[in-house]
Number of protein chains: 2
Amino acid sequence: MPLDLEKVGVKTALRSFLGSNDLDTNTLAEFYQDLSRNSEEIRYSPGQHLFREGDLNEYIYIPVSGAIMLERSTSSGSRQVFAFLLTGNILGVSDQLIYNFSAKALNDSNVIKISQKLMKNIFERYPAIAKRYQQITSHILSMILDQLFIMGQRTAHQRLAHLLLDMQNRLGHGTNKFHLPMSRQDIADYLGMSLETTSRGFSQLKKLDLINIENNYQITIVERVKLTDYANR
Amino acid sequence: MPLDLEKVGVKTALRSFLGSNDLDTNTLAEFYQDLSRNSEEIRYSPGQHLFREGDLNEYIYIPVSGAIMLERSTSSGSRQVFAFLLTGNILGVSDQLIYNFSAKALNDSNVIKISQKLMKNIFERYPAIAKRYQQITSHILSMILDQLFIMGQRTAHQRLAHLLLDMQNRLGHGTNKFHLPMSRQDIADYLGMSLETTSRGFSQLKKLDLINIENNYQITIVERVKLTDYANR
DNA sequence: CGAGCCCTTGATGCATTTCAACGAATGTGG
DNA sequence: CCACATTCGTTGAAATGCATCAAGGGCTCG
């Protein structure tokens, strides 16, 4: 379906993408017009791929609702999950001819899909947006560095604590409760550990009264400070 | 010292930075002029910092010779090494106000130092170079993803095998021999393992006749195909 | 030659994986 | 609505990989 700028989610996602700075209202309005005419919003079901590793890099995507997982698999069957993307994040920020990872919807998700061609065109006409895009790229870079840092850290349970803190930030909306969009296996492949270790990690953190597990996916951070401490010990 | 464009290493490094494409000779010549007037080549001794985590992000750096290590340390004393940079690589490609890692020379290194201000200026005047810069950023992003992928690999020895293959590509100059610029401890912190495990990994790979160790730093890849197989098993 | 540094190797204990069984939640067809 | 299958998560026990502790070897440089 064509992009409907009046939908609350779409606006939120785009605002989060563009950031709160610099862009004057005229530029913004024109840009929105461009988008609504030339790009669309697409709905994906759980498990459906936005694209696969090896596909031509022709679009960028901005999730409006739901959650997207970036992953790469080996011939030998193992898998690395690179990131979980939520509302207002962006994927496909790359000049590479071909995607070198796959993107898959974790649950029912709405996603804005913009062609790279349109994007290049927009960059030429709105330097402010091109600049913002560069900022985003460098922010992503710094996020991945953080992730790499965490991967090198001591214990599996600490890495899990990091993930939960991150998820609270991104999903908690100011509260200490959130709903995990991914499975234990997804978390395991994200943090480089086995499914069972992930599960034991949850149990351990619950036993220490740092978190509470309402059901498999509904998590509460009970002791944020202590959990942070646990993660960075 | 001011940048001497006639020096072979400098040319090589800049060419590798700029890539082999697109830029017409006029643009190139002007750009080189700009650089030689406004930037400099600096020599660093082993262990010396180019910058530290938290320093203002005011320069980008391009190694001409030697090797630079990017690292971040925790308060609790552990360390993550993010990358080893060699001739023609680039560091400081980020819009972040402050570096979020340190850069340290591993051995005697010459480095071209360019102010971010000059760089921005150059981008405005030479769009082709701005575009190239964006390509580089996205290439770096994809390198870090590869690194993240490797960190998720099963065993420590496999990760080491990956590193050695990477080093052969970058240092071997077409041969199967190369000189490692970093210590066992550096490798350990890069791959998220202990120094001892790294050492045992070397011994193991040698025992399997996949590599040969002339001395601690002089390595030969004996069986590239088998080593690749070992790394991805 | 000896000091210092880095690397290697061995022994031990702990963290994590693997294998296996079970439990909870969800969906399906009779 | 209830058996039943299926999927996903938890937990236990055994095996393995890795970190840690500790000792010793080799190289370099004064």
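Chain letters run A, B, ... following the sequence lines, proteins first and then strands; every chain starts at 1.
In the helix from dC1(C)-dG30(D) to dG30(C)-dC1(D), the terminal helix axes, each the rotation mapping four pairs' C1' atoms onto the next four within five end pairs, subtend 30°, rounded to 10°.
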Could you run down the sub-3.5 Å N/O contacts of the protein with nucleotides 9-12 of chain D?
unit_1  : atom_1 : unit_2  : atom_2 : d
dG9(D)  : OP1    : R184(A) : N      : 3.1
dG9(D)  : OP1    : Y217(A) : OH     : 3.1
dG9(D)  : O3'    : N216(A) : OD1    : 3.2
dT10(D) : OP1    : R184(A) : NH2    : 3.3
dT10(D) : OP2    : R184(A) : NE     : 2.9
dT10(D) : OP2    : S199(A) : OG     : 2.7
dT10(D) : O5'    : S199(A) : OG     : 3.1
dT11(D) : OP2    : S203(A) : OG     : 2.5
dG12(D) : N7     : R200(A) : NH1    : 3.0
dG12(D) : O6     : R200(A) : NH2    : 3.0

Taking only N/O atoms, report every protein-nucleotides 25-29 of chain D pair under 3.5 Å with atom names and distance.
none

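Interatomic distance, CD of Q168(B) versus CD1 of I221(B), reported as 5.0 Å (0.5 Å rounding). Interatomic distance, T155(A) OG1 to Y230(A) OH, rounded to the nearest 0.5 Å: 5.0 Å. With rounding to the nearest 0.5 angstrom, the CG atom of D189(A) is 12.0 Å from the CE atom of M182(A). Rounded to the nearest 0.5 Å, atoms CZ (F202(B)) and CD1 (I211(B)) are 6.0 Å apart. Note that the CG atom of L165(A) and the CZ atom of R224(A) stand 5.0 Å from one another [nearest 0.5 Å].
With respect to L106(A), the side chain to side chain contact (heavy atoms under 4.5 Å, CB included) criterion is satisfied by exactly one of D186(A), L85(A), I68(A), L180(A): D186(A). Of the listed residues (L50(B), I90(B), L86(B), L91(B)), just one forms a side chain to side chain contact (heavy atoms under 4.5 Å, CB included) with P63(B), and that residue is L91(B).
Taking atom CD on Q218(A) and atom C1' on dC8(D), their separation rounds to 17 Å, with Å as the unit. Between I187(B) atom CD1 and dC6(C) atom C1' there is a gap of 12 Å when expressed in whole angstrom units. Put simply, CG on D189(B) is 14 Å from C1' on dC6(C), counting in whole angstrom units. Following rounding to the nearest Å, R154(A) (CZ) and dC14(C) (P) show an atom-to-atom distance of 16 Å. In this entry the distance linking CE of M193(A) with P of dG17(D) reads 19 Å, nearest Å. Straight-line distance from the CG atom of D186(A) to the P atom of dT7(D): 16 Å, rounded to whole Å.
By the 4.5 Å heavy-atom criterion applied to side chains, I219(B) and I213(B) are counted as neighbours.
Q147(A) and Y190(A) share a side-chain donor-acceptor pair at under 3.5 Å.
Contacts between residues 157-166 of chain A and DNA chain D, defined by a heavy-atom separation below 4.0 Å, involve no residue at all.
Residue pairs that meet the salt bridge (Lys or Arg N to Asp or Glu O under 4.0 Å) test with at least one member in residues 103-113 of chain A, sequence neighbours left out, are E71(A)-K104(A). The ring-ring contact (aromatic ring centres under 6.0 Å, His included) contacts involving residues 143-177 of chain A comprise nothing, where partners must be two or more places apart or lie in separate chains.
For S203(B) (side chain) and S199(B) (main-chain N/O), a donor-acceptor pair under 3.5 Å exists by modelled atom type.
Relative ring orientation between Y61(B) and Y99(B) is described as tilted, the plane-to-plane angle lying within the 30° to 60° band.
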